Each structure stands twice: as C-alpha cells, then as structure tokens.
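These numbers come from a predicted model, not from an experiment.
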Amino acid sequence: MTTHRFGVCLGFALLAVTFAASGAIAQQSDAPQKPGKMIRAGDVLSGELGVMKVRDTKNRGKRVATYQITSEPRRLPPPNGLCNLETGPETFQLIPTNDAQAAQLKSLSGKAISVKVDEIACAQDAGEMSEAIVTKWSVVAK
C-alpha cells in the first residue's frame, strides 16, 4: 500500500512540474507589445463593424444602436496618444451625425468596412463603450 501512495504522489508531482514549466514558457513569450501606428485626420481605419444596443442617457433611457469598429491598435494624435492604454485603442466608436449615416452603418453591420477618419479622440464619458470616439467620418468604398 505504501508503494501505491508513493506512485500517486510521484505522478502528481510530475504533473505539477509539467504545468509549472508550461506556465513559465508562456510568460516568457508575453513580450511587451509596441504601440500601434499613428492615425491622423484623413487616414483610413479598417475593421469589422459591430453594433450594440445601449441605453441613451440623454433620451430618457431609450435603447439606441451604437456602432464600433474593431481594428489593430492605433495611436491618436497628441495630446491623446495611447488613451491610457499600453498599445493604444483597438475599438473605435462611430458617431453618426445624421439619419443617412445611421442607415448606412445599419446596413453594413457585421461586415468589414473602411472609414476615412476626420475627427478622433479618446473615450472619456461613462456611456462610451469603445476606447476611442470617431465623431467625423465617411465610409470608403472597397
């Protein structure tokens, strides 16, 4: 019986060493990421367009659609820079300025799109669901 318990303990010890070694290797490969490239007014931002339903604080809690692009990390122009993130924002909320832009985004939801950025800033308000806000933009045909 003593031999059986010794074998079980030895098996658990080998299993623990294996998990510890694989964890150490994974930590070594997590090198610090470099900040993304700079995005300026007039540049094109590409990615998948997602839509979320959120409650509008200005309109008595009415549910409204919020559109965001998920892309590679980008740096914003000074003074915004990395938006207090290591690599810069990866999600960009698109703010439609009129009903035509909202309808255009609604038809493109779930698809890969490209937009020409005219005005961009870091998200600061509590209701903003993305890391950066694009207030002036236009869709670029692919």
Side-chain angles (χ1 to χ4, degrees), residues 3-142:
T3 310
H4 177 69
R5 282 193 291 190
F6 177 72
V8 171
C9 289
L10 183 63
F12 280 124
L14 289 174
L15 190 63
V17 168
T18 304
F19 282 128
S22 66
I25 292 170
Q27 285 180 353
Q28 289 176 355
S29 66
D30 290 341
Q33 296 179 349
K34 294 182 180 179
K37 65 180 185 175
M38 178 75 76
I39 186 167
R40 295 187 173 93
D43 287 352
V44 175
L45 180 65
S46 299
E48 185 177 343
L49 181 67
V51 60
M52 297 180 291
K53 294 283 189 175
V54 296
R55 300 238 181 237
D56 188 10
T57 57
K58 298 175 186 173
N59 199 0
R60 297 188 338 218
K62 181 181 175 188
R63 291 175 56 94
V64 295
T66 300
Y67 301 95
Q68 76 176 19
I69 291 181
T70 305
S71 182
E72 73 268 0
R74 304 293 288 264
R75 283 183 317 193
L76 275 56
N80 294 322
L82 298 176
C83 296
N84 297 325
L85 302 166
E86 286 184 25
T87 59
E90 295 179 18
T91 56
F92 302 86
Q93 183 175 350
L94 298 177
I95 307 293
T97 56
N98 55 37
D99 291 337
Q101 280 188 335
Q104 185 179 27
L105 289 178
K106 186 175 182 179
S107 68
L108 295 172
S109 66
K111 299 177 183 171
I113 67 166
S114 298
V115 294
K116 179 182 169 191
V117 175
D118 292 327
E119 247 180 56
I120 190 166
C122 291
Q124 296 175 350
D125 295 336
E128 295 169 344
M129 304 302 277
S130 300
E131 298 161 346
I133 307 297
V134 182
T135 52
K136 291 186 180 178
W137 53 271
S138 57
V139 174
V140 177
K142 285 191 170 186

Could you grab the distance from atom [atom1] of [X] to atom [atom2] of [Y], nearest 0.5 Å is fine?
X   : Y    : atom1 : atom2 : result
L94 : I133 : CG    : CD1   : 9.0 Å
R75 : R40  : CZ    : CZ    : 8.0 Å
D43 : I120 : CG    : CD1   : 9.5 Å

For [X] and [Y], which heavy atoms make the closest approach, and how far apart are they?
X    : Y    : value
V51  : S109 : CG1-CB, 4.1 Å
G110 : E48  : O-OE2, 3.8 Å
A132 : L76  : CB-CD2, 4.3 Å
E131 : P89  : OE1-CA, 3.1 Å
S46  : S71  : O-OG, 2.9 Å

- Task: For E72, enumerate each residue passing the salt bridge (charged side-chain N to carboxylate O under 4.0 Å, His left out) test, keeping only those at least two apart in sequence or located in another chain.
- Result: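 Expected list: R74.
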
- Could you give me the CA-CA distance, side-chain angles and deciding distance for V134 and I69, then say whether side-chain contact (heavy atoms from CB on, under 4.5 Å) is met? CA-CA 10 Å; V134 182; I69 291 181; over 6 Å; no

- Item | Listed partners of T135 passing side chain to side chain donor-acceptor pair (under 3.5 Å), at least two apart | E119

- Query: What pairs with T97 under side chain to side chain donor-acceptor pair (under 3.5 Å), at least two apart in sequence or on another chain?
  - Reply: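 Testing T97 for side chain to side chain donor-acceptor pair (under 3.5 Å), a comparison that skips the adjacent residues, returns Q101.
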
- Item | Check: T70 side chain, T91 main-chain N or O, donor-acceptor pair, under 3.5 Å | no

- Is N98 atom CG crowded by more than 12 heavy atoms from other residues, nucleotides or ligands, each under 6.0 Å away?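 Count over threshold, so yes.
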
- Message: Can you tell me which residue among V140, I39, I113 is in a side chain to side chain contact (heavy atoms under 4.5 Å, CB included) with L45?
- Response: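 For L45, the side chain to side chain contact (heavy atoms under 4.5 Å, CB included) check succeeds only for I39.
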
- Check: W137 and V117 side chains under 4.5 Å, non-hydrogen atoms: no

